[in-house]
**Q** 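Mind having a look at this structure? Questions to follow.
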Amino acid sequence: MQNQQTTPKKKRFKMPSAYTILFLIIIFVAILTWIIPAGQYSTDKAGNIIAHTYKAVASNPQGIWDVFSAPIYGMVGNDTTEGAISVSLFILVIGGFLGVVNQTKALDDGIATVVSKYKGKEKVLIPLLMILFALGGSTYGMAEETIAFYPLLIPVMIGVGFDSLVAVSIVLVGSQVGCLASTVNPFATGVASQTLHISPGDGIISRAVLFIIVVTISILFVYQYAAKIEKDPSRSYVFEQREEDLKRFALNHEDQPGTKMTGRQKAVLWMFGLTFLIMIMGLIPWDQINKNWTFFTSFTKWLQGVPFLGSLIGSNLTPFGSWYFTEITTLFFLMAIVVMFVFKMKESTFIESFLAGMSDFMGVAIVVAVARGIQVVMNDGNITATVLHWGEMGLSNLGSVVFIILAYVFYIPMSFLIPSTSGLAAATMGIIGPMGKFAGVDPSLVVTAYQSASGWVNLITPTSGVVMGALTIAHVNITTWWKFMFKLMIYLFLATAIFLGVMAVI
């Protein structure tokens with residue numbers, strides 16, 4: 001018997017996790033503190049950098065201990081850098097809130113009810129569901145939660161003459177375009193705004209306009225494709241597997257009972273929507289939009305002045321328009337408890353669901369602190385001001401329009417390198433935001449450029465578990481998805497770039 005030699009399998013390169021990439025960047029930045037000259041800017045009373053005040057200072061190179069302590073200080077903060085604890089805690093609490101809501105199955109059954117209600121009018125589902133998923137992406141970064149909806153929608157869309165790409169587009173494009181135009185998404189808008197010391201409500205009106213633009217473009221694209229293959233199935237990008245898909249995703253409508261929501265689930269959905277509405281109301285800077293819009297401030301002062309009632313509600317009540325992370329974290333904690341009572345959930349189930357939801361977002365909360373560690377090393381090594389000074393000199397001849405479009409383009413490859421939206425914001429916004437000031441660009445617009453690029457990339461990147469998970473369920477190859485998305489990606493890129501350019505000059 002001859003010995004058979006087994007050839008060892010070649011190990012495929014696997015992209016390191018966001019934690020590893022960010023920690024490697026911390027090490028690289030620490031090395032730079034030994035090379036780049038140290039410097040500082042003068043600041044005003046609010047802590048904002050004053051242009052043209054750069055001066056050289058003594059260097060402070062960062063060592064091994066500084067590298068390993070950077071993520072720790074990234075969380076709790078030190079004398080030079082504000083910690084990420086407030087945004088990390090918010091991420092954990094909103095995770096707990098979503099865990100409690102998901103325990104009621106209100107969101108899942110709500111979507112299923114909509115699908116059942118529009119049986120026979122499935123084309124109407126395209127704009128309706130895409131708007132719902134986009135709202136989810138824009139408000140709370142809906143992504144991984146969408147995986148449960150593909151098995152529901154794919155059979156329905158194939159059964160009425162569309163294909164699996166239509167179903168995937170409704171959910172994936174809908175939610176991720178919503179993330180692209182995030183209005184108050186805590187994992188994108190929230191982290192980036194906190195890094196720049198601005199409210200997540202700054203720029204919310206312009207981001208709402210962008211939301212309408214990109215969602216409209218996406219709906220028209222998907223709707224036209226669906227109408228095209230409904231008339232001629234051979235024009236489908238996955239036509240060669242249509243017969244196989246019909247068998248694979250066979251849907252017997254007689255076996256599909258109409259999903260009915262309970263009264264408690266409907267109440268939970270109302271509480272869910274109300275929570276985000278209150279958050280948006282609290283974050284919008286009303287008096288900055290119109291100096292006469294002081295109703296919420298006056299009402300809060302009046303309420304706190306009412307005997308007993310003011311004390312009962314709370315002496316630390318903050319008026320709408322002045323909310324920050326403490327207030328919105330408190331809101332989600334409070335509303336999670338309200339959902340528990342509305343749904344008549346057992347206390348033990350509530351605690352279990354809340355902690356499970358928090359654990360799902362633990363990685364996001366930690367990656368924000370690790371990413372903030374980059375800023376800690378740069379600030380402690382006194383090279384942040386030097387990098388900004390170089391940027392100030394380079395941007396002296398660039399207008400605001402050129403800068404904001406370059407920032408948008410810059411964040412596209414960075415989004416591939418650091419797929420975590422929270423990690424990307426915490427790692428880079430501390431540099432790009434102040435550079436924008438030198439070019440005359442409002443910090444909130446820099447936030448919009450960053451999250452637009454991140455959302456754009458997350459529509460097609462193979463490093464996204466959401467993209468690959470959706471395509472795996474639909475049995476669609478990633479290259480087929482790229483072919484299908486090519487035109488839409490161009491439309492979205494151009495629309496966003498033009499929008500950013502226009503906003504930079506307004």
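Heavy atoms only: backbone and side chains are in, while hydrogens, waters and symmetry mates are out.
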**Q** Residues two or more places apart in sequence or in another chain: which of them pass side-chain hydrogen bond (donor to acceptor under 3.5 Å, both in side chains) with S452?
**A**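 Testing S452 for side-chain hydrogen bond (donor to acceptor under 3.5 Å, both in side chains), a comparison that skips the adjacent residues, returns none.
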
**Q** Enter the distance from I219:CD1 to I131:CD1 here, rounded to the nearest 0.5 Å.
**A**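 Between I219 CD1 and I131 CD1, I get 4.0 Å after rounding to 0.5 Å.
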
**Q** Under 3.5 Å, is there a donor on one side chain and an acceptor on the other for D380 and N78?
**A**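 The criterion, which ignores hydrogens and geometry beyond distance, is satisfied for N78 and D380.
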
**Q** Given ring-ring contact (aromatic ring centres under 6.0 Å, His included), test F486 with Y237 step by step and report yes or no.
**A** CA-CA 12 Å; F486 181 73; Y237 282 90; over 10 Å; no

**Q** Within this structure, what is the CG-CD distance for the pair L283 and E327, rounded to the nearest 0.5 Å?
**A** 9.0 Å

**Q** Do other residues, nucleotides or ligands put more than 12 heavy atoms under 6.0 Å from K228 NZ?
**A**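 Enclosed: over 12 neighbouring heavy atoms sit under 6.0 Å from NZ of K228.
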
**Q** State which residues pass side-chain hydrogen bond (donor to acceptor under 3.5 Å, both in side chains) with Y411; sequence neighbours excluded, sorted by chain then number.
**A**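 Per chain and number, Y411 pairs via side-chain hydrogen bond (donor to acceptor under 3.5 Å, both in side chains) with T428.
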
**Q** Taking all non-hydrogen atoms of both residues, which atom of N379 and which atom of T80 are closest, and how far apart?
**A**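 N379 and T80 have their closest heavy atoms at ND2-O, 3.4 Å.
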
**Q** Identify, with sequence neighbours excluded, every residue that meets ring-ring contact (aromatic ring centres under 6.0 Å, His included) alongside F296.
**A**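 Expected list: W286, F320.
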
**Q** Once side-chain hydrogen bond (donor to acceptor under 3.5 Å, both in side chains) is applied, do any residues pair with Y324, and if so which ones, sequence neighbours excluded?
**A** none

**Q** What I want to check is whether the side chains of T189 and Q451 have a donor and an acceptor closer together than 3.5 Å.
**A** yes

**Q** Taking ring-ring contact (aromatic ring centres under 6.0 Å, His included) as the definition, give me every residue that meets it alongside F23, ordered by chain and number, with sequence neighbours left out.
**A** F68

**Q** Nearest heavy-atom pair of F211 and A134: which atoms, and what distance?
**A**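 Looking at all heavy atoms of both residues, the shortest contact is CE1-O, 3.5 Å.
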
**Q** Going from CD1 on I366 to CG on L22, what distance comes out if it is rounded to the nearest 0.5 angstrom?
**A** 12.5 Å

**Q** Could you walk me through whether F133 and F149 satisfy the ring-ring contact (aromatic ring centres under 6.0 Å, His included) test, starting with their C-alpha distance in whole Å, then the side-chain angles of each, then the deciding distance to 0.1 Å, before giving a yes or no?
**A** CA-CA 11 Å; F133 284 118; F149 298 113; 5.3 Å; yes

**Q** Quick one about T421 and S454 (side-chain donor to acceptor, distance below 3.5 Å, no hydrogens or angles considered), yes or no?
**A**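 No.
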
**Q** Do the ring centers of F272 and F276 come within less than 6.0 Å of each other?
**A** yes

**Q** By side-chain contact (heavy atoms from CB on, under 4.5 Å), which residues pair with L132, not counting sequence neighbours?
**A** I111, L129

**Q** With no hydrogens and no angle check, do the side chains of S444 and R207 hold a donor and an acceptor under 3.5 Å apart?
**A** no

**Q** Please name the pair of heavy atoms, one in T195 and one in A425, separated by the smallest distance, quoted to 0.1 Å.
**A** OG1-O, 4.1 Å

**Q** Write out all pairs satisfying ring pair (Phe, Tyr, Trp, His ring centres under 6.0 Å) with one or both partners inside residues 357-386, taking only residues at least two apart or from two chains.
**A**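 Listed by first then second residue: F187-F361.
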
**Q** List the residues meeting side-chain contact (heavy atoms from CB on, under 4.5 Å) with I498, not counting sequence neighbours, and say none if there are none.
**A** V502

**Q** Could you tabulate the donor-acceptor pairs under 3.5 Å formed by side-chain atoms of residues 84-98, not counting sequence neighbours?
**A**
{"residue": "S86", "atom": "OG", "partner": "Q194", "partner atom": "NE2", "Å": "3.2"}
{"residue": "S88", "atom": "OG", "partner": "A84", "partner atom": "O", "Å": "3.1"}
{"residue": "S88", "atom": "OG", "partner": "A365", "partner atom": "O", "Å": "2.9"}

**Q** So which heavy atom on N185 is nearest to which on G137, and how close?
**A** ND2-O, 3.8 Å

**Q** Enter the distance from I26:CD1 to I21:CD1 here, rounded to the nearest 0.5 Å.
**A** 12.5 Å

**Q** Compare every heavy atom of A449 with every heavy atom of Y408, then report the nearest pair and how far apart it is.
**A** CD1-O, 3.5 Å

**Q** Output, in order, the C-alpha distance, side-chain angles, deciding distance and verdict of ring-ring contact (aromatic ring centres under 6.0 Å, His included) for Y225 and F484.
**A** CA-CA 10 Å; Y225 174 78; F484 168 74; 4.8 Å; yes

**Q** Check side-chain hydrogen bond (donor to acceptor under 3.5 Å, both in side chains) between T386 and all other residues, then give those that pass, not counting sequence neighbours.
**A** Y54

**Q** Once salt bridge (Lys or Arg N to Asp or Glu O under 4.0 Å) is applied, do any residues pair with K301, and if so which ones, sequence neighbours excluded?
**A**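 Salt bridge (Lys or Arg N to Asp or Glu O under 4.0 Å) check on K301 returns nothing, list empty.
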
**Q** Which residues satisfy the side-chain contact (heavy atoms from CB on, under 4.5 Å) test with A504, sequence neighbours excluded?
**A** S400, V401, I404, L445

